[in-house]
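This report concerns only the one structure given below.
In listed order, ligands and their atoms are each counted from 1. No experiment lies behind these values; they were computed from the predicted model shown.
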Amino acid sequence: MTKFYVTTAIDYVNAAPHIGHAYQKIVADVLARWHKLKGDEVFFVTGTDEHGKKVQRAAKAAGKPTQKFVDETVIKFKEAWKSLNILPDRFIRTTDEDHKKVVKKFIEKCDKAGKIYLGEYEGYYCTDCEAYYTEKDAPDFICPIHKKKLEKLKEKSYFFKLSEYKEFLLDLYKKHPEFILPKSRRNEVISRVKDGLQDLSISRTSFDWGIPFPLDKKHVTYVWFDALINYYTATRKKGKEKFWPADVHLLGKDNSWFHCVYWPAMLKSVGIKLPKTVFVHGFLKFNGQKISKSLGNVISPKTLVEKYSADAVRYFCLRHFPFGEDGDFDEKALVARHNNELANKLGNLVSRVSGLIEKDVLKKVGVDIHISNVVRNISELIDQFKFDKALNEIFAFIDTLNQFVQDKKLWENKDEKDIYELVSGIRVVTVLLWPFIPETSEKIAKRFGFKISLEELKKPLKTTKIKKGEILFKKI
Ligand SMILES: [Zn+2]
(Lines give C-alpha, C1' and ligand atoms only; values in the text may rest on other atoms or scores of the structure.)
Protein backbone atom coordinates (compact mmCIF):
# COMPACT_ATOMS: atom_id res chain seq x y z
CA MET A 1 0.00 0.00 0.00
CA THR A 2 1.25 3.47 -0.87
CA LYS A 3 1.37 6.00 1.94
CA PHE A 4 0.71 9.70 1.57
CA TYR A 5 1.59 12.29 4.20
CA VAL A 6 0.47 15.89 3.69
CA THR A 7 0.99 18.81 6.08
CA THR A 8 0.02 22.47 6.16
CA ALA A 9 1.65 25.41 7.84
CA ILE A 10 0.72 25.55 11.50
CA ASP A 11 -0.96 28.86 12.18
CA TYR A 12 -0.03 31.45 14.75
CA VAL A 13 -2.71 31.71 17.39
CA ASN A 14 -2.34 35.42 18.03
CA ALA A 15 -5.50 36.03 15.98
CA ALA A 16 -8.51 34.12 14.63
CA PRO A 17 -8.41 32.29 11.28
CA HIS A 18 -9.48 33.89 7.99
CA ILE A 19 -9.96 32.70 4.42
CA GLY A 20 -6.23 33.08 3.71
CA HIS A 21 -5.50 30.40 6.32
CA ALA A 22 -8.39 28.29 5.09
CA TYR A 23 -7.28 28.19 1.47
CA GLN A 24 -4.21 26.07 2.15
CA LYS A 25 -6.09 23.73 4.48
CA ILE A 26 -8.74 23.17 1.81
CA VAL A 27 -6.01 22.17 -0.63
CA ALA A 28 -4.49 19.77 1.90
CA ASP A 29 -7.91 18.24 2.51
CA VAL A 30 -8.47 17.80 -1.24
CA LEU A 31 -5.11 16.05 -1.58
CA ALA A 32 -5.83 13.83 1.43
CA ARG A 33 -9.25 12.86 0.07
CA TRP A 34 -7.85 12.29 -3.41
CA HIS A 35 -5.23 9.88 -2.09
CA LYS A 36 -7.87 8.12 0.00
CA LEU A 37 -9.88 7.66 -3.20
CA LYS A 38 -6.82 6.14 -4.83
CA GLY A 39 -6.62 3.67 -1.98
CA ASP A 40 -3.49 5.13 -0.38
CA GLU A 41 -2.92 5.16 3.34
CA VAL A 42 -3.21 8.84 4.18
CA PHE A 43 -2.01 11.02 7.04
CA PHE A 44 -3.08 14.67 7.02
CA VAL A 45 -1.73 16.97 9.71
CA THR A 46 -2.50 20.58 10.43
CA GLY A 47 -2.31 22.57 13.63
CA THR A 48 -1.22 25.65 15.49
CA ASP A 49 2.02 27.37 16.39
CA GLU A 50 1.49 28.61 19.92
CA HIS A 51 4.80 29.82 21.30
CA GLY A 52 6.66 33.08 21.05
CA LYS A 53 6.62 36.66 22.13
CA LYS A 54 3.86 37.63 19.75
CA VAL A 55 1.41 35.13 21.26
CA GLN A 56 2.42 36.11 24.79
CA ARG A 57 1.74 39.76 23.92
CA ALA A 58 -1.62 39.01 22.32
CA ALA A 59 -2.67 37.10 25.44
CA LYS A 60 -1.61 39.98 27.64
CA ALA A 61 -3.54 42.45 25.49
CA ALA A 62 -6.60 40.22 25.85
CA GLY A 63 -6.07 40.13 29.63
CA LYS A 64 -5.77 36.35 29.76
CA PRO A 65 -3.19 33.85 30.94
CA THR A 66 -1.26 32.71 27.86
CA GLN A 67 -2.30 29.06 28.07
CA LYS A 68 -5.97 29.99 28.42
CA PHE A 69 -5.66 32.42 25.52
CA VAL A 70 -4.16 29.82 23.18
CA ASP A 71 -6.66 27.15 24.25
CA GLU A 72 -9.50 29.47 23.32
CA THR A 73 -8.02 30.57 20.00
CA VAL A 74 -7.32 27.00 18.96
CA ILE A 75 -11.03 26.23 19.20
CA LYS A 76 -11.71 28.90 16.57
CA PHE A 77 -9.28 27.21 14.19
CA LYS A 78 -10.73 23.77 14.78
CA GLU A 79 -14.28 25.02 14.27
CA ALA A 80 -13.33 26.86 11.10
CA TRP A 81 -11.81 23.73 9.56
CA LYS A 82 -14.76 21.62 10.61
CA SER A 83 -17.22 24.04 9.01
CA LEU A 84 -15.36 23.60 5.72
CA ASN A 85 -15.32 19.79 6.02
CA ILE A 86 -11.56 19.84 6.41
CA LEU A 87 -10.78 16.64 8.28
CA PRO A 88 -7.18 16.35 9.47
CA ASP A 89 -6.03 13.08 11.01
CA ARG A 90 -4.20 15.06 13.63
CA PHE A 91 -4.49 18.64 14.78
CA ILE A 92 -1.08 19.24 16.31
CA ARG A 93 -0.34 22.03 18.77
CA THR A 94 3.22 23.06 19.55
CA THR A 95 2.19 23.06 23.22
CA ASP A 96 1.41 19.31 22.99
CA GLU A 97 3.52 17.24 25.37
CA ASP A 98 4.76 14.78 22.74
CA HIS A 99 5.96 17.68 20.61
CA LYS A 100 7.97 19.16 23.47
CA LYS A 101 9.72 15.81 23.93
CA VAL A 102 10.56 15.44 20.25
CA VAL A 103 11.94 19.00 20.11
CA LYS A 104 14.13 18.32 23.13
CA LYS A 105 15.57 15.16 21.60
CA PHE A 106 16.05 16.81 18.23
CA ILE A 107 18.10 19.65 19.74
CA GLU A 108 20.17 17.28 21.88
CA LYS A 109 20.97 15.18 18.83
CA CYS A 110 21.86 18.24 16.77
CA ASP A 111 24.16 19.40 19.59
CA LYS A 112 25.84 15.97 19.77
CA ALA A 113 26.52 16.26 16.05
CA GLY A 114 28.42 19.47 16.85
CA LYS A 115 26.05 21.77 15.01
CA ILE A 116 25.05 24.08 17.89
CA TYR A 117 27.13 26.74 19.69
CA LEU A 118 26.53 29.64 22.08
CA GLY A 119 26.96 33.13 20.68
CA GLU A 120 25.48 36.55 20.84
CA TYR A 121 22.84 37.86 18.58
CA GLU A 122 22.47 41.46 17.65
CA GLY A 123 20.08 42.65 15.05
CA TYR A 124 17.02 44.54 13.95
CA TYR A 125 13.95 42.75 15.05
CA CYS A 126 10.24 42.86 14.19
CA THR A 127 8.11 41.43 16.99
CA ASP A 128 5.19 40.82 14.66
CA CYS A 129 7.30 38.74 12.28
CA GLU A 130 9.34 37.32 15.15
CA ALA A 131 12.31 37.79 12.91
CA TYR A 132 15.45 39.80 12.59
CA TYR A 133 16.00 41.76 9.42
CA THR A 134 19.24 42.53 7.69
CA GLU A 135 19.93 45.94 6.23
CA LYS A 136 19.44 44.49 2.79
CA ASP A 137 15.87 43.37 3.50
CA ALA A 138 14.90 46.40 5.58
CA PRO A 139 17.07 49.32 4.45
CA ASP A 140 15.38 51.96 6.65
CA PHE A 141 15.04 49.59 9.61
CA ILE A 142 11.31 49.44 8.92
CA CYS A 143 9.66 46.02 8.74
CA PRO A 144 8.85 45.42 5.06
CA ILE A 145 5.66 43.58 6.04
CA HIS A 146 4.37 45.52 9.03
CA LYS A 147 5.83 48.92 8.16
CA LYS A 148 6.85 49.34 11.80
CA LYS A 149 10.20 50.51 13.10
CA LEU A 150 12.46 47.58 13.91
CA GLU A 151 13.88 47.23 17.42
CA LYS A 152 17.61 46.80 17.87
CA LEU A 153 18.10 43.72 20.02
CA LYS A 154 21.14 42.04 21.46
CA GLU A 155 21.01 38.84 23.43
CA LYS A 156 22.86 35.64 24.17
CA SER A 157 21.64 32.93 21.87
CA TYR A 158 22.42 29.43 20.72
CA PHE A 159 23.11 29.09 17.04
CA PHE A 160 22.65 26.33 14.50
CA LYS A 161 25.52 26.11 12.00
CA LEU A 162 23.33 26.72 8.97
CA SER A 163 26.23 28.28 7.06
CA GLU A 164 27.77 24.81 6.68
CA TYR A 165 24.84 23.61 4.56
CA LYS A 166 25.12 25.82 1.50
CA GLU A 167 26.64 23.16 -0.78
CA PHE A 168 24.39 20.45 0.61
CA LEU A 169 21.29 22.52 -0.16
CA LEU A 170 22.34 23.57 -3.65
CA ASP A 171 23.08 19.93 -4.39
CA LEU A 172 19.66 18.91 -3.04
CA TYR A 173 17.81 21.42 -5.27
CA LYS A 174 19.80 20.22 -8.27
CA LYS A 175 19.33 16.51 -7.71
CA HIS A 176 15.72 16.80 -6.56
CA PRO A 177 14.05 19.61 -8.45
CA GLU A 178 10.74 18.37 -7.08
CA PHE A 179 11.90 19.36 -3.58
CA ILE A 180 10.69 22.94 -4.16
CA LEU A 181 7.59 23.50 -6.27
CA PRO A 182 6.60 25.46 -8.29
CA LYS A 183 9.76 26.09 -10.27
CA SER A 184 9.61 29.89 -9.94
CA ARG A 185 9.87 29.60 -6.14
CA ARG A 186 12.76 27.16 -6.48
CA ASN A 187 14.75 29.64 -8.54
CA GLU A 188 14.20 32.37 -5.93
CA VAL A 189 15.51 30.11 -3.16
CA ILE A 190 18.52 28.93 -5.18
CA SER A 191 19.69 32.43 -5.95
CA ARG A 192 19.40 33.47 -2.30
CA VAL A 193 21.25 30.39 -1.05
CA LYS A 194 24.03 31.06 -3.55
CA ASP A 195 24.53 34.43 -1.82
CA GLY A 196 25.54 32.50 1.30
CA LEU A 197 23.90 31.48 4.56
CA GLN A 198 24.26 32.82 8.07
CA ASP A 199 24.08 30.69 11.17
CA LEU A 200 20.64 30.54 12.67
CA SER A 201 19.79 31.82 16.11
CA ILE A 202 17.65 29.15 17.77
CA SER A 203 17.14 30.27 21.38
CA ARG A 204 15.96 33.34 23.23
CA THR A 205 16.18 34.77 26.71
CA SER A 206 13.95 37.81 26.13
CA PHE A 207 10.68 35.92 26.68
CA ASP A 208 9.71 32.66 28.33
CA TRP A 209 6.61 31.42 26.46
CA GLY A 210 8.27 28.54 24.67
CA ILE A 211 9.77 25.08 24.96
CA PRO A 212 12.65 25.16 27.47
CA PHE A 213 15.93 24.97 25.57
CA PRO A 214 17.36 21.59 26.62
CA LEU A 215 21.00 22.74 26.65
CA ASP A 216 20.49 25.78 28.89
CA LYS A 217 17.75 26.52 31.40
CA LYS A 218 17.95 30.27 30.89
CA HIS A 219 16.84 29.94 27.25
CA VAL A 220 13.67 28.98 25.46
CA THR A 221 13.67 27.39 22.04
CA TYR A 222 13.22 29.96 19.35
CA VAL A 223 10.62 29.52 16.67
CA TRP A 224 12.15 27.28 13.95
CA PHE A 225 13.52 24.50 16.14
CA ASP A 226 10.07 24.41 17.68
CA ALA A 227 7.56 25.00 14.86
CA LEU A 228 9.16 23.12 11.97
CA ILE A 229 9.68 19.96 13.97
CA ASN A 230 5.89 19.52 14.36
CA TYR A 231 5.75 17.67 11.03
CA TYR A 232 8.13 15.08 12.37
CA THR A 233 6.53 14.90 15.83
CA ALA A 234 3.23 13.81 14.31
CA THR A 235 4.91 10.71 12.90
CA ARG A 236 6.51 9.65 16.19
CA LYS A 237 3.26 8.20 17.51
CA LYS A 238 2.95 4.45 17.41
CA GLY A 239 1.73 3.27 14.00
CA LYS A 240 2.48 6.61 12.33
CA GLU A 241 6.25 6.15 11.89
CA LYS A 242 5.84 4.87 8.33
CA PHE A 243 4.47 8.24 7.20
CA TRP A 244 7.83 10.00 7.53
CA PRO A 245 9.20 11.51 5.30
CA ALA A 246 6.33 13.83 4.38
CA ASP A 247 5.18 13.66 0.77
CA VAL A 248 4.25 17.31 0.65
CA HIS A 249 4.46 20.32 2.95
CA LEU A 250 2.03 23.02 1.78
CA LEU A 251 3.11 26.57 2.60
CA GLY A 252 2.46 30.20 1.88
CA LYS A 253 5.24 32.13 0.20
CA ASP A 254 6.14 33.90 3.46
CA ASN A 255 7.23 30.50 4.78
CA SER A 256 9.22 29.42 1.77
CA TRP A 257 12.72 30.23 3.03
CA PHE A 258 12.30 28.48 6.37
CA HIS A 259 10.99 25.27 4.84
CA CYS A 260 13.24 25.16 1.80
CA VAL A 261 16.45 26.09 3.63
CA TYR A 262 16.32 25.73 7.44
CA TRP A 263 14.20 22.59 7.53
CA PRO A 264 16.27 20.33 5.20
CA ALA A 265 19.49 21.52 6.88
CA MET A 266 18.04 20.78 10.33
CA LEU A 267 16.95 17.30 9.27
CA LYS A 268 20.31 16.60 7.64
CA SER A 269 22.13 17.59 10.83
CA VAL A 270 20.39 14.83 12.80
CA GLY A 271 20.29 12.28 9.98
CA ILE A 272 16.54 12.26 9.36
CA LYS A 273 15.20 11.73 5.83
CA LEU A 274 14.05 14.81 3.96
CA PRO A 275 10.47 15.49 2.84
CA LYS A 276 9.78 14.91 -0.86
CA THR A 277 8.20 18.22 -1.76
CA VAL A 278 7.72 21.67 -0.32
CA PHE A 279 4.94 23.32 -2.30
CA VAL A 280 4.89 27.11 -1.98
CA HIS A 281 1.72 28.98 -2.85
CA GLY A 282 0.70 32.61 -3.12
CA PHE A 283 -1.60 34.72 -0.95
CA LEU A 284 -5.31 35.40 -1.22
CA LYS A 285 -6.82 38.82 -1.28
CA PHE A 286 -10.41 39.41 -0.23
CA ASN A 287 -12.55 41.31 -2.76
CA GLY A 288 -9.41 42.82 -4.25
CA GLN A 289 -7.89 43.97 -0.96
CA LYS A 290 -5.13 42.60 1.18
CA ILE A 291 -6.62 40.71 4.14
CA SER A 292 -5.73 42.71 7.23
CA LYS A 293 -7.12 43.70 10.56
CA SER A 294 -6.73 47.39 9.83
CA LEU A 295 -8.87 47.08 6.68
CA GLY A 296 -11.50 45.27 8.72
CA ASN A 297 -11.88 42.47 6.17
CA VAL A 298 -10.76 39.53 8.28
CA ILE A 299 -13.87 37.43 7.63
CA SER A 300 -14.03 34.14 9.45
CA PRO A 301 -14.30 31.04 7.25
CA LYS A 302 -17.38 30.04 9.25
CA THR A 303 -19.19 33.22 8.21
CA LEU A 304 -18.41 32.51 4.56
CA VAL A 305 -19.64 28.94 4.94
CA GLU A 306 -22.91 30.16 6.45
CA LYS A 307 -23.31 32.60 3.59
CA TYR A 308 -22.35 30.36 0.66
CA SER A 309 -21.95 26.72 1.91
CA ALA A 310 -18.74 24.81 2.50
CA ASP A 311 -18.75 23.32 -0.98
CA ALA A 312 -19.18 26.67 -2.72
CA VAL A 313 -16.19 28.10 -0.79
CA ARG A 314 -14.06 25.01 -1.43
CA TYR A 315 -15.00 24.90 -5.09
CA PHE A 316 -14.29 28.57 -5.63
CA CYS A 317 -10.88 28.50 -3.93
CA LEU A 318 -9.73 25.64 -6.13
CA ARG A 319 -11.39 26.63 -9.37
CA HIS A 320 -10.85 30.36 -9.58
CA PHE A 321 -7.05 30.67 -9.47
CA PRO A 322 -4.13 28.35 -10.20
CA PHE A 323 -2.70 26.92 -7.00
CA GLY A 324 0.72 28.44 -6.45
CA GLU A 325 -0.05 31.95 -7.60
CA ASP A 326 -1.72 34.80 -5.74
CA GLY A 327 -5.50 34.89 -5.94
CA ASP A 328 -8.47 37.02 -5.05
CA PHE A 329 -11.39 35.71 -3.02
CA ASP A 330 -13.82 37.82 -4.98
CA GLU A 331 -17.34 37.26 -3.69
CA LYS A 332 -18.99 38.40 -6.93
CA ALA A 333 -16.98 35.85 -8.87
CA LEU A 334 -17.87 33.23 -6.28
CA VAL A 335 -21.57 33.90 -6.74
CA ALA A 336 -21.20 33.76 -10.52
CA ARG A 337 -19.39 30.42 -10.39
CA HIS A 338 -21.85 29.06 -7.86
CA ASN A 339 -24.82 29.94 -10.05
CA ASN A 340 -23.35 29.16 -13.47
CA GLU A 341 -21.29 26.11 -12.72
CA LEU A 342 -22.50 24.40 -9.56
CA ALA A 343 -26.20 25.18 -9.89
CA ASN A 344 -26.74 25.42 -13.66
CA LYS A 345 -24.37 22.72 -14.82
CA LEU A 346 -23.99 20.15 -12.05
CA GLY A 347 -27.23 20.78 -10.17
CA ASN A 348 -29.27 20.78 -13.35
CA LEU A 349 -27.74 17.62 -14.71
CA VAL A 350 -28.45 15.73 -11.53
CA SER A 351 -32.03 16.93 -11.20
CA ARG A 352 -32.85 16.34 -14.87
CA VAL A 353 -31.52 12.83 -14.89
CA SER A 354 -32.97 11.82 -11.57
CA GLY A 355 -36.29 13.27 -12.76
CA LEU A 356 -36.18 11.03 -15.82
CA ILE A 357 -35.89 7.78 -13.96
CA GLU A 358 -37.21 8.49 -10.51
CA LYS A 359 -40.02 6.01 -10.80
CA ASP A 360 -38.29 3.33 -12.84
CA VAL A 361 -35.55 0.97 -11.98
CA LEU A 362 -32.61 1.40 -14.27
CA LYS A 363 -31.64 -1.86 -15.94
CA LYS A 364 -28.16 -2.85 -16.86
CA VAL A 365 -27.94 -2.71 -20.62
CA GLY A 366 -24.30 -3.45 -21.07
CA VAL A 367 -22.92 -0.15 -22.32
CA ASP A 368 -20.39 1.81 -20.34
CA ILE A 369 -19.24 5.26 -21.13
CA HIS A 370 -15.52 5.57 -21.87
CA ILE A 371 -14.36 7.01 -18.64
CA SER A 372 -10.78 5.88 -18.23
CA ASN A 373 -9.41 8.89 -20.12
CA VAL A 374 -11.29 11.35 -17.96
CA VAL A 375 -10.09 9.68 -14.78
CA ARG A 376 -6.50 9.53 -15.99
CA ASN A 377 -6.48 13.20 -16.99
CA ILE A 378 -7.90 14.35 -13.69
CA SER A 379 -5.50 12.14 -11.78
CA GLU A 380 -2.48 13.63 -13.54
CA LEU A 381 -3.68 17.18 -13.01
CA ILE A 382 -4.28 16.70 -9.28
CA ASP A 383 -0.89 15.05 -8.84
CA GLN A 384 0.62 18.17 -10.44
CA PHE A 385 -1.36 20.45 -8.07
CA LYS A 386 -3.35 21.83 -11.04
CA PHE A 387 -6.69 21.83 -9.24
CA ASP A 388 -8.25 24.58 -11.37
CA LYS A 389 -7.53 22.60 -14.52
CA ALA A 390 -8.82 19.38 -12.98
CA LEU A 391 -12.11 21.06 -12.11
CA ASN A 392 -12.24 22.59 -15.55
CA GLU A 393 -11.95 19.10 -17.07
CA ILE A 394 -14.62 17.68 -14.79
CA PHE A 395 -16.98 20.50 -15.72
CA ALA A 396 -16.22 20.05 -19.42
CA PHE A 397 -17.35 16.47 -18.93
CA ILE A 398 -20.51 17.70 -17.19
CA ASP A 399 -21.14 19.91 -20.25
CA THR A 400 -20.83 16.84 -22.45
CA LEU A 401 -23.38 15.00 -20.34
CA ASN A 402 -25.81 17.93 -20.41
CA GLN A 403 -25.38 18.14 -24.17
CA PHE A 404 -26.07 14.43 -24.40
CA VAL A 405 -29.43 14.86 -22.66
CA GLN A 406 -30.22 17.68 -25.05
CA ASP A 407 -29.11 15.93 -28.25
CA LYS A 408 -30.87 12.69 -27.50
CA LYS A 409 -34.02 14.41 -26.23
CA LEU A 410 -34.03 11.94 -23.39
CA TRP A 411 -37.11 13.41 -21.75
CA GLU A 412 -39.05 12.25 -24.84
CA ASN A 413 -37.54 8.97 -25.91
CA LYS A 414 -36.27 7.70 -22.52
CA ASP A 415 -33.88 5.32 -24.25
CA GLU A 416 -32.60 2.92 -21.60
CA LYS A 417 -29.17 2.56 -23.14
CA ASP A 418 -28.68 6.30 -23.26
CA ILE A 419 -29.91 6.81 -19.74
CA TYR A 420 -27.61 4.07 -18.51
CA GLU A 421 -24.67 5.76 -20.18
CA LEU A 422 -25.65 9.07 -18.69
CA VAL A 423 -25.94 7.72 -15.16
CA SER A 424 -22.52 6.10 -15.56
CA GLY A 425 -21.21 9.53 -16.48
CA ILE A 426 -22.78 11.11 -13.42
CA ARG A 427 -21.16 8.42 -11.31
CA VAL A 428 -17.74 9.42 -12.66
CA VAL A 429 -18.41 13.08 -11.92
CA THR A 430 -19.63 12.27 -8.41
CA VAL A 431 -16.51 10.31 -7.53
CA LEU A 432 -14.08 12.79 -9.06
CA LEU A 433 -15.72 15.74 -7.36
CA TRP A 434 -15.69 14.18 -3.91
CA PRO A 435 -12.28 15.55 -2.86
CA PHE A 436 -13.39 19.05 -3.88
CA ILE A 437 -17.04 19.22 -2.82
CA PRO A 438 -17.59 16.24 -0.53
CA GLU A 439 -20.99 17.26 0.83
CA THR A 440 -22.60 17.57 -2.60
CA SER A 441 -20.86 14.51 -3.92
CA GLU A 442 -22.17 12.43 -1.01
CA LYS A 443 -25.70 13.71 -1.61
CA ILE A 444 -25.59 12.69 -5.27
CA ALA A 445 -24.10 9.31 -4.39
CA LYS A 446 -26.91 8.68 -1.95
CA ARG A 447 -29.56 9.64 -4.46
CA PHE A 448 -28.24 7.32 -7.18
CA GLY A 449 -26.93 4.59 -4.91
CA PHE A 450 -23.27 5.05 -5.99
CA LYS A 451 -20.26 4.13 -3.95
CA ILE A 452 -17.62 6.85 -3.79
CA SER A 453 -14.64 4.86 -4.97
CA LEU A 454 -12.31 4.98 -7.96
CA GLU A 455 -12.14 1.19 -7.91
CA GLU A 456 -15.92 1.01 -8.28
CA LEU A 457 -15.75 3.07 -11.49
CA LYS A 458 -14.08 0.16 -13.23
CA LYS A 459 -17.14 -1.99 -12.59
CA PRO A 460 -20.35 -1.70 -14.55
CA LEU A 461 -23.11 0.25 -12.93
CA LYS A 462 -25.45 -1.89 -10.91
CA THR A 463 -29.19 -1.75 -11.29
CA THR A 464 -30.18 1.24 -9.34
CA LYS A 465 -33.27 2.98 -8.09
CA ILE A 466 -33.06 6.72 -7.97
CA LYS A 467 -34.46 8.60 -5.04
CA LYS A 468 -36.03 11.98 -5.31
CA GLY A 469 -33.88 14.63 -3.69
CA GLU A 470 -33.78 18.30 -2.90
CA ILE A 471 -32.19 20.88 -5.18
CA LEU A 472 -28.39 20.65 -4.78
CA PHE A 473 -27.59 24.33 -5.19
CA LYS A 474 -30.13 27.09 -4.65
CA LYS A 475 -29.15 30.08 -6.74
CA ILE A 476 -27.72 33.00 -4.82
ZN1 LIG B 1 7.13 42.55 10.70
Does Glu331 offer a backbone N or O that forms a donor-acceptor pair with the side chain of Asn287 under 3.5 Å?
yes
In terms of side-chain heavy atoms, does His219 have a donor or acceptor partner in Arg204 at a distance below 3.5 Å?
no
According to the interplanar angle, ranging from 0 to 90°, do the rings of Phe387 and Phe385 count as parallel (below 30°), tilted (30 to 60°) or perpendicular (above 60°)?
perpendicular
Keeping the roles fixed (side chain from Thr46, backbone from Thr8), state whether a donor-acceptor pair exists under 3.5 Å.
no
Please answer whether the main-chain N or O of Ser163 pairs with a side-chain N or O of Asp199 as donor and acceptor at a distance below 3.5 Å.
yes
Between His249 and Asn255, is any side-chain donor less than 3.5 angstrom from a side-chain acceptor?
no
How many N, O or S atoms of the protein are nearer than 2.8 Å to the Zn ion (ligand 1)?
4
